[in-house]
Amino acid sequence: MPATRVPRVPAEERLFSLVLALLSTESGLTKSEILANVQGYRQRFSTGGDNASLERQFERDKDDVRDLGIPLETIETPGAAGNNQTLRYRIPKGEYDLPDDVRFTPDESALLSLAAMAWREGALSADSRRALLKVRSAGSEDDDGDAEGLLGVESYAPRLRARDAAFEPLRSALDRAAAVRFDYITPGQHEARRRELAPLALVQHGGRWMLTAHEFATDSVKNYLLSRIVGPVSQYEVGRHPATPGAGERALAELDRIWAARTARIAVVPGSDAERRLARRRDTETDADGVLVLHHVDPQILAEELAAFGPEVRVLEPADVRDRVEARLRGLVADHTDVEGADRG
């Protein structure tokens, strides 16, 4: 007879349940009590059976809880000093409470949970997971216990993923203060080049993820589009390159400065899709002649966006963006010409 499939409980839910259980006890819980009763463990617990793998999971989870800054205490049972099986675990609630002046209404708590659920666990930094656990475990003074309402929110919560494959290993490198290596394609080049960097921050600007990092080869801080990273990201020198406080804010401020300074003047066909879409871009202005003034950070990204509209747009200036659009359109024509020639052959 096939074994019953045990439903998988996400790691974040298991840790959350563990924190709640350890907050709710004054005297503490033994390992056996935790494994037999807490969500995420009890589904796999075997009474009187072999729970070695589950115990190892609990040991790892204990380390994760402490890494998140949660004060997990161990209490020895009188007369059984040194016996790990009788140790009791708890989280002193007074040391984990939110400040007295911080309170959340039910709506605020639901919105915080919804925002956190939108980003799956892998996309949350250690600081974000720590904050989420604290907010969720604190609950709300006005909470009337309407679990069904929260379940309804979770049922319809969006699930967002960072689309770039490099996001997760780079976020992990930031958490671990590790240097990274990856191959990166610079616009205008056809061959990727190896980069060795100390990550400083992951930021999103203009709907695209970027890595701000210190490049060892040039001893300078640069931004790298995650979409231009080719192949895997490898980590090395773990623990030696901690992120600089405020690096993300400084990177976004610099990107905003570049965005404000770089503009392109674009003529569009009236009533076209290009006019409707480009006119709604952030900070776009329309001059007296109906020409759109677009802001941008990366001229290659802007050129790729404009080329997608074909004959509906014409770049007036700068020449650099116009040349890039023309080069991209010529490349598309050449690619299709080659395909058609091959089909005729």
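Quantities reported herein were computed from a predicted structural model and do not represent experimental measurements. Worth knowing before you read on, the calculation uses all heavy atoms, side chains too, and leaves out hydrogens, waters and symmetry mates.
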More than 12 heavy atoms of other groups within 6.0 Å of [X] [atom1]:
| X | atom1 | result |
| --- | --- | --- |
| R330 | CZ | no |
| R194 | CZ | yes |
| R277 | CZ | no |

Are [X] and [Y] in one and the same hydrophobic cluster, where Ile, Leu, Val, Met, Phe, Trp and Tyr link if side-chain heavy atoms are under 4.5 Å apart?
| X | Y | answer |
| --- | --- | --- |
| I185 | V233 | no |
| I229 | V221 | no |
| L200 | V203 | no |
| V313 | V293 | no |
| W259 | L306 | no |

Check whether any side-chain heavy atom of [X] sits under 4.5 Å from a side-chain heavy atom of [Y], and report yes or no.
| X | Y | result |
| --- | --- | --- |
| R90 | L23 | no |
| L302 | R281 | yes |
| L211 | L197 | yes |

Measure the [atom1]-[atom2] distance between [X] and [Y] for me, rounded to the nearest 0.5 Å.
| X | Y | atom1 | atom2 | answer |
| --- | --- | --- | --- | --- |
| H205 | L255 | NE2 | CG | 5.0 Å |
| R328 | E304 | CZ | CD | 4.5 Å |
| E33 | Y89 | CD | OH | 11.5 Å |
| L18 | Y41 | CG | OH | 4.5 Å |
| L87 | E76 | CG | CD | 6.0 Å |
| Q235 | L174 | CD | CG | 9.5 Å |

Notebook entry, point to check: Run the side chain to side chain contact (heavy atoms under 4.5 Å, CB included) check on L226 and L202 step by step: do they pass?
Noted result: CA-CA 9 Å; L226 268 60; L202 277 167; 4.0 Å; yes
For the student: nearest non-hydrogen atoms of [X] and [Y], plus distance:
| X | Y | result |
| --- | --- | --- |
| V269 | P311 | CG2-O, 3.9 Å |
| A173 | V180 | CB-CG1, 3.5 Å |
| S17 | Q39 | OG-CB, 3.4 Å |
| H241 | A178 | CD2-C, 4.3 Å |
| L225 | Y184 | N-OH, 3.0 Å |
| I75 | S27 | CD1-O, 3.8 Å |

Looking at [Y], is its backbone amide N or carbonyl O close enough to the side chain of [X] to form a donor-acceptor pair, meaning the two atoms are under 3.5 Å apart?
| X | Y | answer |
| --- | --- | --- |
| R176 | G239 | no |
| T244 | A247 | no |
| R322 | L316 | yes |
| R88 | G28 | yes |
| E254 | R250 | no |
| E196 | A179 | no |

Less than 4.0 Å between a side-chain N and a carboxylate O, is that true for [Y] and [X]?
| X | Y | result |
| --- | --- | --- |
| R324 | D298 | no |
| R171 | D175 | yes |
| D320 | R262 | no |

Checklist line | Passing candidate, side chain to side chain contact (heavy atoms under 4.5 Å, CB included) with L294, options V321, V315, L278 | finding: L278
Notebook entry, point to check: For the side chain to side chain contact (heavy atoms under 4.5 Å, CB included) test, which of H295, E317, E285 pairs with T263?
Noted result: H295
Next item on the list: List the steps and the verdict of side chain to side chain contact (heavy atoms under 4.5 Å, CB included) for V297 and N223.
Entry: CA-CA 11 Å; V297 169; N223 293 317; over 6 Å; no
Notebook entry, point to check: Can you name the ring-ring contact (aromatic ring centres under 6.0 Å, His included) partners of F45, sequence neighbours left out?
Noted result: none
Note to self: Could you walk me through whether K31 and E59 satisfy the side chain to side chain contact (heavy atoms under 4.5 Å, CB included) test, starting with their C-alpha distance in whole Å, then the side-chain angles of each, then the deciding distance to 0.1 Å, before giving a yes or no?
What the structure shows: CA-CA 10 Å; K31 184 190 299 183; E59 295 300 324; 3.4 Å; yes
Note to self: Set out, in order, the CA-CA distance, both residues' side-chain angles and the distance that settles side chain to side chain contact (heavy atoms under 4.5 Å, CB included) for H296 and I301, then state yes or no.
What the structure shows: CA-CA 8 Å; H296 65 284; I301 291 177; over 6 Å; no
Note to self: D287: which residues meet the salt bridge (Lys or Arg N to Asp or Glu O under 4.0 Å) condition with it, sequence neighbours left out?
What the structure shows: R265
